[in-house]
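This report refers to the structure that appears directly beneath it.
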Amino acid sequence: MTNYKILKKCGNAKRAEFQTVHGTVQTPLFMNVGTVGAIKGAVGTEDLEGIDTQVELSNTYHLSVRPGDKVIKELGGLHKFMNWSKPILTDSGGFQVFSLAKLRKIKEEGVTFNCHIDGHKIFMGPEESMQIQSNLASTIAMAFDECPPSKADDRYIKNSVERTTRWLERCKKEMARLNSLEDTINKEQLLFGINQGGVVDQIRIDHAKTISEMELDGYAVGGLAVGETHEEMYHILDVTVPHLPENKPTYLMGVGTPANILEGVDRGVDFFDCVYPSRNGRHGQLWTKYGKLNLKNARYQLDTRPIEEGCNCPACRRYTRAYIRHLLKAEEMLGMRLCVLHNLYFYNHMMEDIRNAIDAGNYQNFKKERIDMLNSGEVD
RNA sequence: GUGGGUAUGGCGCAGUUGGCUAGCGCGCCAGAUUGUGGCUCUGGAGGCCGUGGGUUCGAGUCCCACUAUCCACC
């Protein structure tokens with residue numbers, strides 16, 4: 001029995017429904033990134049309901065360091081801890097090993113690296129990552145992978161990808177074991193595998209075929225948006241996604257800009273996540289249908305319009321650009337919060353528009369129209 | 001009133017025995033940021049060096065006067 005049901009296709013764009021123990025979600029969707037169990041910028045789970053968040057994303061590595069996955073397990077799991085009942089996806093920690101550890105040693109068993117907070121030595125391999133994610137009791141666990149640098153040579157990437165495949169087998173085995181244990185909180189935790197291969201077509205394709213045979217709950221494309229061009233990224237999706245199972249959700253990790261998402265959907269992607277709306281929101285960079293604006297710019301000092309005309313987010317419903325700009329310049333928490341809420345609302349509602357366009361069988365026209373609007377530069 | 005100190009971009013300061021286009025931090029003005037260390041990075045604008053004289057080839061730097069300001073004492 002599959003928990004993933006395609007409702008409509010429009011070209012390669014898929015409109016689907018995905019059932020989980022924490023409820024059914026509508027795809028394509030954007031997951032709101034809350035690395036340490038909170039969306040940075042003083043955004044609580046009560047706020048997420050108000051901006052139509054479907055899935056919250058947290059991070060295995062960060063939560064294992066602080067407060068510790070065993071603490072969260074003792075408190076009943078991440079859902080209870082955060083008081084969030086909808087789906088949570090936990091990233092495996094593989095990317096953090098690549099992105100924030102200065103010193104790391106990758107071996108067959110796993111990776112040894114230094115903690116970013118106090119520098120102590122940490123070992124994480126597929127089994128450790130699955131155990132932590134099982135303790136967190138997220139809805140969806142991600143496989144522990146290696147995300148090689150975009151500048152790595154083909155030989156390195158090939159070896160890395162082969163090891164990632166072996167790690168995936170170990171993840172699957174460990175997940176099955178954990179889900180069968182008596183004291184496991186979420187015995188129906190799902191596992192998504194991750195495709196790698198840099199920007200090398202054949203490695204990507206071979207890897208996609210290999211992991212497709214492993215009967216996972218979903219498939220992610222990782223290792224993109226790490227320095228390659230947009231064209232390279234779109235090309236990799238063009239050649240890779242067709243080799244992933246169509247009857248399973250597809251997740252493009254860490255991507256991206258509104259335009260990236262519109263293009264990703266057109267290539268069959270269901271799930272997206274990105275720190276852009278939250279991180280850049282904290283720094284005053286806001287997304288609108290007509291492109292992005294930097295609210296810290298002096299020209300907004302006397303601007304009494306909302307961030308985006310017609311937007312119904314908590315920031316736009318009540319406050320002016322001038323006021324929010326002042327809050328940002330004064331480094332008031334409220335400024336960051338309002339900007340993050342606007343950006344997440346913008347992303348979540350763009351996804352809703354995308355779903356409606358696919359339902360209407362009009363996705364490609366919609367995409368072109370929206371990308372033209374984003375590039376129009378008519379923010380003001 | 002007396003003695004001493006200080007005066008350099010919006011603010012706080014560096015500027016060596018006088019020597020090229022006077023620097024730095026913060027702020028300001030912009031830009032970057034893609035499975036998040038509330039960051040970080042990259043550019044840019046802005047100064048007749050308190051005022052007036054003097055010494056010197058050359059003065060932010062030395063001398064004199066004035067003005068402002070701070071500290072101590074009366």
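All of these numbers come straight from a predicted model, not from anything done at the bench. Proteins get letters first, then strands, A, B, ... in listed order; numbering begins at 1 in each.
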Sugar-phosphate, base or nothing in reach of Asn260(A), heavy atoms under 4.0 Å: base
P atoms of U8(B) and C48(B), separation to the nearest Å: 13 Å
Nucleotide paired to A72(B) in any strand shown, Watson-Crick or G-U, under 3.5 Å: U2(B)
Distance-only donor-acceptor test (3.5 Å): side chain Glu56(A), base G35(B): no
Span that lies between the P atom of U6(B) and that of U16(B), in whole angstrom: 14 Å
Flag for Glu188(A)-Asn179(A): side-chain donor and acceptor within less than 3.5 Å: no
Sugar-phosphate only, base, or nothing, as touched by Met336(A) at under 4.0 Å among non-hydrogen atoms: base
Sugar-phosphate, base or nothing in reach of Leu252(A), heavy atoms under 4.0 Å: nothing
Phosphate OP1/OP2 of U40(B) contacted by Arg282(A) side-chain N/O (<4.0 Å): no
Length of the line joining Leu63(A):CG and G35(B):C1', which is rounded to integer Å: 14 Å
Euclidean distance, atom OH of residue Tyr300(A) to atom P of C29(B) [Å, nearest integer]: 13 Å
Sugar-phosphate, base or nothing in reach of Met333(A), heavy atoms under 4.0 Å: base
Nearest-nucleotide comparison on RNA chain B, the residue closer to the 5′ end among Gly41(A) and Val226(A): Val226(A)
Test item: side-chain donor near acceptor, His79(A) and Ser85(A), under 3.5 Å: no
Inter-nucleotide C1' distance (C71(B), G52(B)), Å rounded: 27 Å
Gln196(A) side chain, from C-beta outward: closest of U33(B), G37(B), G35(B): G35(B)
Listed nucleotide nearest any side-chain atom of Tyr276(A), set U34(B), A32(B), G37(B): U34(B)
Short side-chain donor-acceptor distance under 3.5 Å, Ser138(A) and Gln189(A): yes
Lys292(A), nearest nucleotide to its side chain (from G35(B), U34(B), A32(B)): A32(B)
Pair partner, A65(B) [Watson-Crick or wobble, under 3.5 Å]: U51(B)
Options G35(B), U34(B), C29(B), nucleotide nearest the side-chain atoms of Asp273(A): G35(B)
Gap between atoms CD1 and P, on Ile117(A) and G38(B) respectively (whole Å): 10 Å
Residue Phe95(A), side-chain atoms from C-beta onward, closest of G35(B), U33(B), G37(B): G35(B)
Candidate nucleotides G35(B), U34(B), U33(B), ranked by approach to the side chain of His230(A) - the nearest: U34(B)
Nearest-angstrom distance, C1' atom, A65(B) to C29(B): 42 Å
P spacing across the pair A32(B) / U69(B), given as an integer number of angstrom: 47 Å
Selection from U34(B), C29(B), G37(B) that lies nearest to any side-chain heavy atom of His62(A): G37(B)
G-U wobble or Watson-Crick pairing nucleotide for U40(B) (cut-off 3.5 Å, both distances): A32(B)
Sugar-phosphate, base or nothing in reach of Ala259(A), heavy atoms under 4.0 Å: nothing
Strand partner of G19(B), provided both Watson-Crick or wobble distances fall under 3.5 Å: C57(B)
Gap in Å between the two P atoms, one belonging to C70(B) and one to C11(B), rounded: 16 Å
Touch class at under 4.0 angstrom, heavy-atom based, for Glu331(A) against every strand present: nothing
Same cluster (ILVMFWY, side-chain, under 4.5 Å), Val161(A) and Phe95(A): no
Centroid distance under 5.5 Å and plane angle under 30°, His283(A) vs C39(B): yes
Exercise: do Glu182(A) and Thr184(A) side chains pair donor with acceptor under 3.5 Å: no
Side-chain heavy atoms of Leu57(A) within contact of Asn32(A), under 4.5 Å: no
Between G44(B) and C26(B) - P atom distance, rounded Å: 16 Å
Of the listed nucleotides G35(B), U34(B), A32(B), the one nearest the side chain of Leu57(A): G35(B)
Identity of whatever pairs with C26(B) - Watson-Crick or G-U, under 3.5 angstrom: G10(B)
Exercise: do Gln131(A) and Glu174(A) side chains pair donor with acceptor under 3.5 Å: yes
Touch class at under 4.0 angstrom, heavy-atom based, for Gly94(A) against every strand present: nothing
Whole-Å distance separating the NZ atom of Lys296(A) from the C1' atom of G43(B): 16 Å
Asp145(A) (side chain) and G35(B) (base): donor-acceptor pair under 3.5 Å: yes
Candidate nucleotides A32(B), G35(B), A30(B), ranked by approach to the side chain of Asn297(A) - the nearest: A30(B)
Polar contact flag, side-chain donor to acceptor under 3.5 angstrom, Asn375(A)-Asp372(A): no
Gap in Å between the two P atoms, one belonging to C13(B) and one to U17(B), rounded: 22 Å
Whole-Å gap separating C1' (U34(B)) and CD (Glu231(A)): 15 Å
